[in-house]
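Working notes, structure below.
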Amino acid sequence: MRHRIAVIGGGPAGLTFARVLHRHDHPVTVLERDPAPDARPPGGTLDLHENLGQLALDKAGLLAEFRALSRPEGQAMRILDTDGTVLRDWRPRLDDRANPEIDRGQLRDLLLGPLDVQWGRGVTEVVPGTRDGVLVRFADGRQETFDLVVGADGAWSRVRPAVSSATPHYTGVTVVETSLDDVDTRHPDLARLVGDGSVAVYGVNRGLVAQRNSGGHVKVYAQFRAPLDWHTNLDRHGGVNRRAGLDAGLDAVLGAGLDLADVEAVRSRLLALFEGWAAPVLDLLRHGTAFVPRPLYVLPVSHTWAHVPGVTLLGDAAHLMPPLGVGANLAMLEGAELAESVAAASGPGDLDEAVRAFEEQTWARAGRWAKFTMAGLERLVSPDPTEALALFDEVQPS
């Protein structure tokens with residue numbers, strides 16, 4: 001029996017799920033709200049772990065192609081003090097393929113391969129338990145039914161409400177992203193500062209991280225603790241910041257409104273936020289292009305739901321956690337594991353039992369990773385910058 005299966009979301013989780021089903025000759029409908037693969041920037045680089053993301057690609061038959069595209073040298077990590085002193089300088093061995101980097105766009109294209117994705121299919125609602133199966137309603141007014149709908153549609157999932165009332169909440173940490181292009185030619189000093197992988201600097205309740213992507217592109221992330229509306233109506237936030245344990249300098253910088261569309265105003269505010277840091281570090285902001293705020297949201301650490309026949313969740317839709325190198329890896333492995341379980345199910349009852357077993361298996365693992373990443377975020381953006389260094393010492397190979 002060939003079940004009618006739809007996966008909503010064309011990110012790493014949804015595409016891995018679809019590629020593994022495709023490998024097992026099982027049809028699957030991939031529904032993505034973006035109108036085309038290149039409709040928006042794909043994001044930065046990902047490190048895929050041997051026992052998570054790489055294992056998922058192996059299940060999809062794509063590991064060799066991934067290794068040809070990935071950058072093992074991107075595992076390099078350098079940590080500086082705010083005065084520019086090098087505190088740590090980790091460099092991978094020539095044969096180290098534990099966590100090689102790959103651009104998100106390259107990973108997307110690798111996973112897309114032969115898949116027939118329905119682009120521009122925004123979902124508004126998923127209704128389980130109808131006579132013909134799970135009903136999916138689309139933004140254009142159309143609707144379809146399936147035997148199984150897999151929600152891989154990210155933090156603000158339209159599928160999640162069919163199984164859970166949980167919604168993401170703000171962590172108290174905001175990241176502002178910028179980037180540098182053609183860094184080796186246009187900014188050779190910064191290219192050397194970043195190296196083949198990443199460079200990070202941590203201060204009191206703030207940090208600055210730069211990460212090399214392919215093609216001479218560098219992503220820069222300024223991160224700090226602040227109220228969610230830190231850029232507007234902030235005359236009232238002084239007391240809030242102090243009660244949250246933020247230092248007076250940060251409180252002063254975030255004490256007035258800011259037009260996030262004004263690139264130079266955002267640049268000026270960020271430079272004030274990191275005032276006194278080494279000039280080469282601040283150059284990462286001085287030469288940045290557009291600035292994009294990304295407040296960090298999470299779901300409850302132990303997010304589970306009562307099983308609903310015909311609907312389940314993957315990745316950020318199921319367990320949104322801080323971006324500390326785990327989320328996409330875990331999402332891909334879940335997608336591969338669910339696809340294998342679905343492919344092995346023969347009858348309708350078997351399909352439901354396979355999904356139920358998958359959920360129970362993944363909840364505990366996801367909970368452990370969510371707890372780890374939340375604790376990691378608390379240490380990386382902390383009143384005590386030595387906590388960030390200690391965390392890296394714990395997770396980096398000696």
Side-chain angles (χ1 to χ4, degrees), residues 7 9-24 28 30 42-77 90-115 150 152 154 196-198 211-214 219 314-319 321-344 358 361-362 364-366 368-370 372-373 376 392 394-398:
V7 58
L15 292 181
T16 302
F17 172 76
R19 275 306 293 264
V20 174
L21 273 185
H22 182 272
R23 193 182 190 195
H24 287 273
V28 57
V30 183
T45 183
L46 290 171
D47 60 318
L48 294 193
H49 304 183
E50 277 184 316
N51 60 344
L52 292 172
Q54 290 186 60
L55 177 57
L57 289 174
D58 192 26
K59 291 176 180 290
L62 297 171
L63 189 57
E65 293 176 63
F66 163 76
R67 286 177 172 167
L69 289 169
S70 65
R71 304 187 311 280
E73 69 278 8
Q75 298 171 93
M77 181 70 186
W90 291 286
R91 302 189 186 190
R93 302 183 309 273
L94 291 176
D95 61 345
D96 188 349
R97 291 193 170 273
N99 308 292
E101 298 282 342
I102 186 170
D103 286 11
R104 283 179 178 266
Q106 293 174 322
L107 178 63
R108 176 202 60 203
D109 294 344
L110 174 62
L111 289 169
L112 276 172
L115 295 178
V150 178
D196 291 329
S198 302
Q211 189 173 39
R212 182 181 285 270
N213 292 227
S214 63
K219 291 282 188 184
L314 295 174
D316 287 350
H319 42 70
M321 59 187 71
L324 268 66
V326 178
N329 276 276
L330 192 58
M332 290 173 64
L333 183 57
E334 288 174 353
E337 291 174 341
L338 178 60
E340 290 181 333
S341 297
V342 166
F358 161 80
Q361 169 191 324
T362 57
R365 180 177 60 194
R368 290 193 298 271
W369 279 115
F372 171 82
T373 55
F392 279 103
E394 291 169 15
V395 301
Q396 284 287 347
S398 57

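Please read these numbers as outputs of a predicted model, since none were measured by experiment. One is the number of the first residue; the rest follow in order along the sequence.
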Residues two or more places apart in sequence or in another chain: which of them pass side chain to side chain donor-acceptor pair (under 3.5 Å) with Gln106?
-> none

Could you walk me through whether Trp369 and Arg365 pass the side-chain contact (heavy atoms from CB on, under 4.5 Å) check?
-> CA-CA 6 Å; Trp369 279 115; Arg365 180 177 60 194; 4.0 Å; yes

Here the pair of heavy atoms bringing Phe17 nearest to Val28 is CE2-CG2, 4.1 Å

Can you tell me if Asn329 uses its side chain to pair, donor with acceptor, with the backbone of Leu52 under 3.5 Å?
-> no

Find out whether Leu333 and Lys59 are in side-chain contact, i.e. whether some heavy atom of one side chain is under 4.5 Å from a heavy atom of the other.
-> yes

Inter-residue atom distance Ile102.CD1 - Leu107.CG, 0.5 Å rounding = 5.0 Å

For Arg97, what residues pass the side chain to side chain contact (heavy atoms under 4.5 Å, CB included) criterion, not counting sequence neighbours?
-> Arg67, Ser70, Pro72

Is Asp103 reaching over with its side chain to a backbone N or O of Gly105, donor-acceptor style, under 3.5 angstrom?
-> no

Rounded distance (nearest 0.5 Å) linking atom CZ of Phe66 with atom CG of Leu110 = 9.0 Å

Between atom CD of Glu50 and atom CG of Asn99, what is the distance when rounded to the nearest 0.5 Å?
-> 7.5 Å

Note: Leu115 and His22 closest approach over all heavy atoms is CD2-CB, 4.0 Å

Audit row: Phe358, Glu334, side-chain contact (heavy atoms from CB on, under 4.5 Å) steps and yes/no | CA-CA 8 Å; Phe358 161 80; Glu334 288 174 353; 4.0 Å; yes

Examine distances only and state if a side-chain atom of Glu101 and a backbone atom of Asn213 form a donor-acceptor pair shorter than 3.5 Å.
-> no

Can you tell me how far CG of Leu314 sits from OG1 of Thr16, rounded to the nearest 0.5 angstrom?
-> 9.0 Å

At their closest point, which heavy atom of Ala366 faces which heavy atom of Leu330, and how far apart are they?
-> CA-CD2, 3.9 Å

For Arg104, the side chain to side chain donor-acceptor pair (under 3.5 Å) test, sequence neighbours excluded, returns none

Set of residues satisfying side chain to side chain donor-acceptor pair (under 3.5 Å) with respect to Arg212, sequence neighbours excluded | Asp184

Closest non-hydrogen atom pair between Arg23 and Asp58, with its separation | NH1-O, 3.2 Å

Who are the side chain to side chain donor-acceptor pair (under 3.5 Å) partners of Arg91, not counting sequence neighbours?
-> Asp89

With sequence neighbours excluded, tell me which residues meet side chain to side chain contact (heavy atoms under 4.5 Å, CB included) with Ser341.
-> Ala354

Check Val150, Val20, Thr362 against Leu338 for a side-chain contact (heavy atoms from CB on, under 4.5 Å) and give me the one that passes.
-> Val150

Polar side-chain atom of His24 near backbone of Val342 as donor-acceptor pair, under 3.5 Å = no

Smallest heavy-atom separation, Ala18 atom then Val30 atom, equals CB-CG2, 3.6 Å

Nearest non-hydrogen partners of Ala152 and Val7, listed with the distance | CB-CG2, 4.0 Å

Knowing that exactly one of Arg71, Gln211, Lys219 qualifies, which makes a side chain to side chain donor-acceptor pair (under 3.5 Å) with Thr45?
-> Arg71

